[in-house]
Amino acid sequence: NPLVALLKCRSMLRAVEVDRTQIKPKVAVIGEFWAMTTEGDGNYGLQRFLEHEGAEVDIQIVTNWVLYNIWEHSWDTRQRMTLRQDDNANKGLVGVNAQQKLATLWVADKGLRLIFKSIAGILGLHDYYMPNMDEVAEEARELYNNHLRGGEGHMEVGKLVMNVKHKKSTMTLSVKPFGCMPSSGVSDGVQSYVTEKWPSAIFLPIETSGDGAVNVYSRVQMMLFKARVAARAEFEATCQEYGVTPEELRLFIAQHSRFSSPFFWPSHRVAATASDIVHEVAPYMKDPLHGVKKVGRRILGLFTRSATVSH
C-alpha cells in the first residue's frame with residue numbers, strides 16, 4: 001500500500017536529527033538533464049562529493065523537467081495561435097482545437113503539482129515549492145530566446161539568473177557530458193554575461209568525460225572555497241543584524257522542538273539555509289509574542305485584501 005509506505009517513510013524521517021545552523025554553502029546543480037539528475041559514475045558521484053566537501057546540494061528533480069515539457073507545449077501553442085492560418089508542421093494546429101489543448105495542458109500542470117504536493121505533504125515535507133515556469137522563462141528571455149530548444153532550453157540561463165538575483169543558492173554548478181552543444185556551446189556562453197552582470201555570482205561549468213574526475217573535483221573544490229567564504233560572511237552578517245550569537249541560536253532551537261524538527265524549513269530570504277534559520281528564529285528569541293503577531297498580520301492582510309476586492 002503506497003499510503004502505508006509513505007507514512008512509514010515519514011516516521012523514519014521524523015527520527016533524523018538535523019542541525020541547520022551548520023554553515024554550509026548551498027550549491028544548485030543544473031545542466032544537461034541526465035548528467036545533473038543521475039547519481040553515480042555518469043557525473044563522478046557529484047552530489048555525494050559535494051556533500052562530503054560540506055555543501056548543501058540543491059538538486060533539480062525530474063518533476064521540474066516534466067513541468068518544463070508542459071510549459072513548452074503551452075507556449076508553442078500560444079505562439080502558433082497568432083499565425084494567420086494553422087500550420088501543418090509536426091506540432092501544428094491543423095485540425096486541433098487550440099483552446100482545448102491549452103486547457104488540457106493547464107490541467108496537466110495543476111494536476112502534476114497537486115500530486116507532488118500531496119505526496120510531499122504525507123511525507124511531512126510541506127514547504128517545498130515547485131518552480132514557476134513562466135517566471136523562469138521571463139528571467140531568461142532577454143538573454144536566451146525562448147524559441148530555442150535543445151537540452152534544457154532557456155532553463156539553465158533562467159535558473160542561474162534566479163539563483164543570483166533572488167539568492168536561491170550560494171553557488172551554481174552546471175554539469176554536462178563532454179561536447180553537449182545545447183549546454184556547453186550555447187548556455188555556458190550566455191552564462192558569462194550573467195556573471196558579468198552579477199559579479200557576486202559563483203558559477204562553475206564542468207564537463208564529464210572518461211578520464212576527467214580528478215580535474216573536475218579540483219575545480220569544484222576551488223569554487224567551493226569561495227562559496228564557503230560567502231556563506232560564512234552571510235551567516236555572520238545575519239547574526240549581527242539580529243544581535244544574536246550562534247551559541248544562543250542553537251540553545252534556543254534545542255529548547256523548541258518546532259525549530260529542531262526535521263520537517264521544519266525556514267522561509268526563503270537569503271542563499272544559505274543557516275542564514276535563513278537566523279532570519280526565521282531570531283525574531284522569536286527577541287519577542288516571545290512574535291508568532292502571535294505574525295498570525296495577526298496574516299489575518300489582517302486577508303481582511304485588507306477582501307476589502308480591496310469588494311471595492
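Small disclaimer: the values here were computed from a predicted structure and weren't measured.
For Trp75 and His154, the ring centers sit 6.0 Å or farther from each other. Ring centers of Phe49 and Tyr217: under 6.0 Å apart, within the cut-off.
Across all non-hydrogen atoms, the minimal contact from Cys9 to Leu123 is CB-CD2, 3.5 Å. In terms of heavy-atom proximity, Asn43 sits nearest to Thr38 at ND2-O, 2.9 Å. Across all non-hydrogen atoms, the minimal contact from Ala55 to Val27 is CB-CG2, 3.8 Å. Heavy-atom minimum distance, Ala35 versus Lys176: CB-CA, 3.9 Å. Residues Ala230 and Thr170 approach most closely at CB-CG2, 4.0 Å, considering heavy atoms.
Salt bridge present: Glu138 and Arg141 bring a charged side-chain N and a carboxylate O closer than 4.0 Å. Ion pairing between Glu152 and Lys159 holds under the 4.0 Å rule for side-chain N and carboxylate O. Salt bridge status for Arg269 with Glu280: present, with a side-chain N to carboxylate O gap under 4.0 Å.
Using a 30° and 60° split on the angle between ring planes, Phe259 and His256 fall in the tilted class, from 30° to 60°.
Without hydrogens or angle criteria, Arg20 side chain to Phe264 main chain gives a donor-acceptor distance under 3.5 Å. A donor-acceptor contact shorter than 3.5 Å links the side chain of His268 to the backbone of Val270.
Rounded to the nearest 0.5 angstrom, Leu251 CG and Thr245 OG1 are separated by 9.0 Å. Atom CD of Gln47 sits about 8.5 Å away from atom OG1 of Thr37, to the nearest 0.5 Å. To the nearest 0.5 Å, atom CZ of residue Arg232 and atom CD of residue Glu236 are 6.0 Å apart.
Taking the ring axis of Tyr128 as reference, the NZ or CZ atom of Lys117 does not stay both within 45° of it and closer than 6.0 Å to the ring centre.
Counting heavy atoms from C-beta outward, Glu53 and Val220 have side chains that stay 4.5 Å or more apart. At a threshold of 4.5 Å between non-hydrogen side-chain atoms, the residues Arg10 and Ile122 do not count as touching.
Leu50 and Ile202 fall within the same hydrophobic cluster, where Ile, Leu, Val, Met, Phe, Trp and Tyr residues are linked whenever their side-chain heavy atoms come under 4.5 Å apart, directly or through other members.
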For this session: Starting from the C-alpha separation in whole Å, work towards a yes-or-no answer on side-chain hydrogen bond (donor to acceptor under 3.5 Å, both in side chains) for Glu56 and Thr273.
Result: CA-CA 9 Å; Glu56 177 187 348; Thr273 299; 2.7 Å; yes
